Amino acid sequence: MSIKSLRLFFGLPLPHRQAAAIDVWRNGLTLGGRPVDKRNLHLTLVFLGSQPVERLDELQRLAGQIRGKGFELKLDRLEVGRHGLVSLGSSQPPEALIRLAGELHDSLRAAGYTLEERAFWPHLTLARQCRTHPVLDGRPDFAWTAERFVLFHSTSDEQGGVYCPLFHWPLPVPD
Ligand code: ATP
Ligand code: MG
């Protein structure tokens, strides 16, 4: 059977060290619900949904035209959203992050992609369908420098859902 479409999204990957640290901290919160697998921790920039494989060349070309800059991302806030979604957010999302997501969104929309029109909400999902409000011992304090963005294929393997990085583009860090 040949693959005709892929579930895709643009996002920021996490360096292994930060993913491991967030995983340990998150597991200590006993959130319950459905925790996001450590290997899948990420921040979504633009969700594309199911796309024909033929569009991959175009997506690469469009993403390659984005001139984003690197930035430090501080995750210092625990957020509890709808359907028991617990995530890490930023009290001051960097301007370069907002611009990157906005430029990607605009460029994809101009190319004819149908996208979510909700305002960009930078967040890193920790768990879904949590039933209790987590109790925190102090503020979360995670940070790393985002130096690339990635086109992910949302798929599954023998361990369950997995986001497979297909292509990445650099986000140069200004001196
Ligand atoms: P599952 O849907 O099986 O629980 P998942 O949500 O981890 O798994 P996807 O649904 O493929 O996997 O989503 C990939 C990423 O895109 C996640 O960060 C998810 O929150 C985000 N996402 C999914 N659907 C949308 C949407 N309609 N709008 C914005 N972001 C979305
Ligand atoms: Mg989903």
Side-chain angles (χ1 to χ4, degrees), residues 1-60 63 70 73-90 97 100-101 104-105 108 113 115-116 118 120-137 140-171:
M1 193 183 78
S2 62
I3 297 173
K4 293 206 166 57
S5 65
L6 304 172
R7 189 171 173 89
L8 300 173
F9 67 98
F10 285 99
L12 298 177
L14 250 72
H16 292 301
R17 206 158 64 86
Q18 276 78 7
I22 289 173
D23 180 49
V24 167
W25 175 79
R26 180 263 315 265
N27 295 344
L29 296 177
T30 55
L31 294 172
R34 281 202 301 134
V36 174
D37 197 292
K38 174 171 72 168
R39 65 186 176 153
N40 285 341
L41 292 171
H42 71 284
L43 191 143
T44 300
L45 293 167
V46 178
F47 180 72
L48 288 157
S50 182
Q51 298 292 337
V53 281
E54 290 77 21
R55 297 203 89 165
L56 281 178
D57 285 349
E58 178 188 49
L59 287 168
Q60 276 195 82
L73 188 52
K74 287 189 182 147
L75 298 177
D76 56 1
R77 205 159 79 167
L78 193 76
E79 299 174 349
V80 181
R82 287 190 306 162
H83 311 298
L85 189 144
V86 177
S87 60
L88 275 171
S90 183
L97 165 63
L100 173 62
L104 263 175
H105 189 279
L108 291 163
Y113 290 82
L115 306 172
E116 270 301 328
R118 271 181 288 175
F120 175 53
W121 169 40
H123 70 284
L124 187 153
T125 303
L126 296 170
R128 299 187 172 92
Q129 295 161 13
C130 301
R131 287 163 184 271
T132 53
H133 207 286
V135 180
L136 285 191
D137 179 16
D141 182 20
F142 299 100
W144 74 93
T145 304
E147 292 176 322
R148 65 201 166 101
F149 70 97
V150 171
L151 179 62
F152 286 102
H153 175 205
S154 176
T155 181
S156 59
D157 65 10
E158 58 289 342
Q159 292 170 56
V162 61
Y163 306 140
C164 193
L166 297 180
F167 308 104
H168 61 92
W169 295 267
L171 295 169

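The shown structure was predicted, so the numbers you read here are calculated from the model rather than taken from an experiment. Reckoned from all heavy atoms, side chains included, excluding hydrogens, waters and symmetry mates.
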Just jot down the ring pair (Phe, Tyr, Trp, His ring centres under 6.0 Å) partners of W144, sequence neighbours excluded, or say none. none
Look at the side chain of T125 and the backbone N and O of S87, then say whether any donor-acceptor pair between them is shorter than 3.5 Å.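 Absent.
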Flag, side chain of N40 to backbone of G161, donor-acceptor distance under 3.5 Å: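 The answer is yes, because a donor-acceptor pair under 3.5 Å joins these two groups.
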Measure the shortest side-chain to side-chain distance between [X] and [Y] over non-hydrogen atoms and say whether it is less than 4.5 angstrom.
| X | Y | value |
| --- | --- | --- |
| L97 | L43 | yes |
| D76 | D141 | no |
| V150 | L12 | no |

With ring-ring contact (aromatic ring centres under 6.0 Å, His included) as the rule and sequence neighbours excluded, what pairs involving residues 26-45 come up?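 As it turns out, the ring-ring contact (aromatic ring centres under 6.0 Å, His included) pairs with a partner in residues 26-45, which skip direct neighbours, are F9-H42, H42-Y163.
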Would you list the atom pairs, donor with acceptor, under 3.5 Å between side chains in residues 47-57 and any protein atom, with sequence neighbours excluded?
residue: S50; atom: OG; partner: S5; partner atom: OG; Å: 3.3
residue: Q51; atom: NE2; partner: L48; partner atom: O; Å: 2.9
residue: R55; atom: NE; partner: E58; partner atom: OE1; Å: 3.1
residue: R55; atom: NE; partner: Y113; partner atom: OH; Å: 3.1
residue: R55; atom: NH2; partner: E58; partner atom: OE1; Å: 3.2
residue: R55; atom: NH2; partner: A111; partner atom: O; Å: 3.4

Which pairs, with at least one residue in residues 147-161 and sequence neighbours excluded, count as a side chain to side chain donor-acceptor pair (under 3.5 Å)? R39-D157
Check the angle between the aromatic planes of W169 and F167 and answer parallel, tilted or perpendicular using the 30° and 60° thresholds.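 Because their plane-to-plane angle lies in the 30° to 60° range, the rings of W169 and F167 count as tilted.
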Report all side-chain donor-acceptor pairs from residues 18-29 shorter than 3.5 Å, counting only partners two or more places apart or in another chain.
residue: Q18; atom: NE2; partner: A143; partner atom: O; Å: 3.2
residue: D23; atom: OD1; partner: R26; partner atom: NH2; Å: 2.6
residue: D23; atom: OD1; partner: N27; partner atom: ND2; Å: 3.3
residue: R26; atom: NH1; partner: V36; partner atom: O; Å: 2.9
residue: R26; atom: NH1; partner: L126; partner atom: O; Å: 2.7
residue: R26; atom: NH2; partner: V36; partner atom: O; Å: 3.0
residue: N27; atom: ND2; partner: D23; partner atom: O; Å: 3.2

Results of salt bridge (charged side-chain N to carboxylate O under 4.0 Å, His left out) for R118 - residues two or more places apart only: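 Only E116 meet the salt bridge (charged side-chain N to carboxylate O under 4.0 Å, His left out) criterion with R118.
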